[in-house]
2 protein chains.
Amino acid sequence: MATTNVALQPKRGRPSLARASAIDRVILERARDMFFADGFDAVAMEQVAAAVGISKGTLYARHASKEALFTAVTLDMIAQHSTEAARFDHLLTDDIEQRLRHHARMMVNSLVQPDVRSFQRALSTVQHRFPDLAASISEVGYRYMVRIMRDDIIAAAARDDIPVRDAEGVALMIVSAIGGYQLYETSTGKLTHEELQAHAERTIDIAMAARSSW
Amino acid sequence: MATTNVALQPKRGRPSLARASAIDRVILERARDMFFADGFDAVAMEQVAAAVGISKGTLYARHASKEALFTAVTLDMIAQHSTEAARFDHLLTDDIEQRLRHHARMMVNSLVQPDVRSFQRALSTVQHRFPDLAASISEVGYRYMVRIMRDDIIAAAARDDIPVRDAEGVALMIVSAIGGYQLYETSTGKLTHEELQAHAERTIDIAMAARSSW
């Protein structure tokens, strides 16, 4: 079993803000490890509480259901990936090709993280039972990438004075081509970072060469 | 429980070829329904045999393991979709745009079948445990579509005297964009045939407009 974090040892009275925040962190990390290793159905709230070293009541006070806990784990993981990706935003110029390649690379970097495949597997078994969860995840992952690219395409149309008919359609094609390749290729377990990167660059090549039809 | 097919009622002696073939068919259909409804792990070979009305020994003589049975179910389903798709091949001309649109439409028609989502869910929970199964399925589904488009792109390059640098990359982009959109959008359970069709057409628009960079 996982060891209990020293910062979480019970003390008298109400926990300090720092301690409450440390508990939140450990809950998310332990729950993530357990969900990803064993799948949503195999993990009980009681086991998560035990692994963290808190009572079931304390866990339920923070996450009202296992679905809510899984949602929190997911949003936390995506927030971490987004923070990592945003570290490079200052490198962006006004060139639409460079911007799209940058976003595509950040998407590739996220998709090749080791926890992403575990997460996709854990999610695929529960998403039809929890449509709200699936919608939240889609909103902060897939749709977030589509919006970033769409907005860049619209801004570039104004800046470069090249009209765009369907910016969202172009963004959707790029994101679905990169994400679809990752999903299909990892189903046989053999995708490397370099292969996904090359596919993403090829997709941007084709999208850019088709700019007149955007 | 499922009713037993009359054609499968036990008779004395060795089954006729027709009867053996009827048994094969019923096994695949019953097993498919059970795998898709309950998932790979929840279905036991004994339950499949009981639902078909044959002995466990008879089932194992045809499919040596549950994984082998699931593989047979999958290949049978894909063969049915392929036969359906091939019914329209005589409509194909020598125009590469028309051919790519045709293949994209056939792919869309397959992906919107009601059993495809059930199958993708059943598969996603087992594919990392059965890499050979995942590889077979990828070969007859995803990679099959990529090969068809790639070969058409290469043939069109010779016919139209327009050189192509990376036919496989173009085919991969089209197939992954259509398939990725289907996987991402159905995760929130709201994709219509019309939406997937429009996305596929948009993807072909962009690919065709970029032909000089193929």
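Chain letters run A, B, ... following the sequence lines, proteins first and then strands; every chain starts at 1.
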K.L.:
So with a 6.0 Å cut-off around CD of B:Gln80, is the heavy-atom count from everything else above 12?
P.N.:
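Yes.
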K.L.:
If you take all heavy atoms of B:Asp205 and A:Arg165, which pair is closest and at what distance?
P.N.:
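Taking every non-hydrogen atom into account, OD2-NH2, 4.4 Å.
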K.L.:
Might you point out which heavy atoms bring B:Ala209 and A:Ala210 nearest each other, and give the distance in Å?
P.N.:
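Taking every non-hydrogen atom into account, CB-CB, 3.7 Å.
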K.L.:
Which heavy atom of B:Val175 sits nearest to which heavy atom of A:Tyr184, and what is that distance?
P.N.:
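Taking B:Val175 first and A:Tyr184 second, the nearest heavy atoms are O-CE1, 4.4 Å.
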K.L.:
Is the OH atom of A:Tyr144 crowded by more than 12 outside heavy atoms at less than 6.0 Å?
P.N.:
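It does not: A:Tyr144 OH has 12 such atoms or fewer within range.
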K.L.:
Report which part of B:Asp132 has an atom under 4.5 Å of a heavy atom belonging to chain A: side chain, backbone, both, or neither.
P.N.:
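Contact with chain A involves no heavy atom of B:Asp132 at all.
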K.L.:
Compare every heavy atom of B:Ala207 with every heavy atom of A:Ile206, then report the nearest pair and how far apart it is.
P.N.:
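For A:Ile206 versus B:Ala207, the nearest heavy atoms are CG2-CA, 4.2 Å.
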K.L.:
Kindly check if the number of other-residue, nucleotide or ligand heavy atoms within 6.0 Å of CG (B:Asp161) is above 12?
P.N.:
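No, CG of B:Asp161 has 12 or fewer neighbouring heavy atoms, counting only those of other groups under 6.0 Å.
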K.L.:
Taking atom CD of B:Gln113 as the centre, report whether more than 12 heavy atoms of other residues, nucleotides or ligands fall under 6.0 Å from it.
P.N.:
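Above 12, so yes.
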K.L.:
Could you check whether A:Glu168 pairs with B:Arg202 (Lys NZ or Arg NE/NH1/NH2 to Asp/Glu carboxylate O, under 4.0 Å)?
P.N.:
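Result for this pair is no, no salt bridge flagged.
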K.L.:
Does any heavy atom of chain A fall under 4.5 Å from the side chain of B:Leu183, the backbone, both, or neither of them?
P.N.:
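Contact with chain A involves the side chain of B:Leu183 alone.
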K.L.:
Could you give me the CA-CA distance, side-chain angles and deciding distance for A:Glu185 and B:Tyr142, then say whether side chain to side chain contact (heavy atoms under 4.5 Å, CB included) is met?
P.N.:
CA-CA 9 Å; A:Glu185 295 286 338; B:Tyr142 165 65; 2.7 Å; yes
K.L.:
How close do A:Tyr181 and B:Ser176 get, counting heavy atoms only, and between which atoms?
P.N.:
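A:Tyr181 and B:Ser176 have their closest heavy atoms at N-CB, 3.5 Å.
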K.L.:
Need one label for B:Arg143: side chain, backbone, both or neither, based on atoms under 4.5 Å from any heavy atom in chain A.
P.N.:
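Side chain of B:Arg143 only, per the 4.5 Å heavy-atom cut-off to chain A.
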K.L.:
At a heavy-atom distance under 4.5 Å, which candidate from A:Ser187, A:Ser138, A:Gly39 has the highest pair count against chain B?
P.N.:
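Top count of heavy-atom pairs under 4.5 Å with chain B: A:Ser187.
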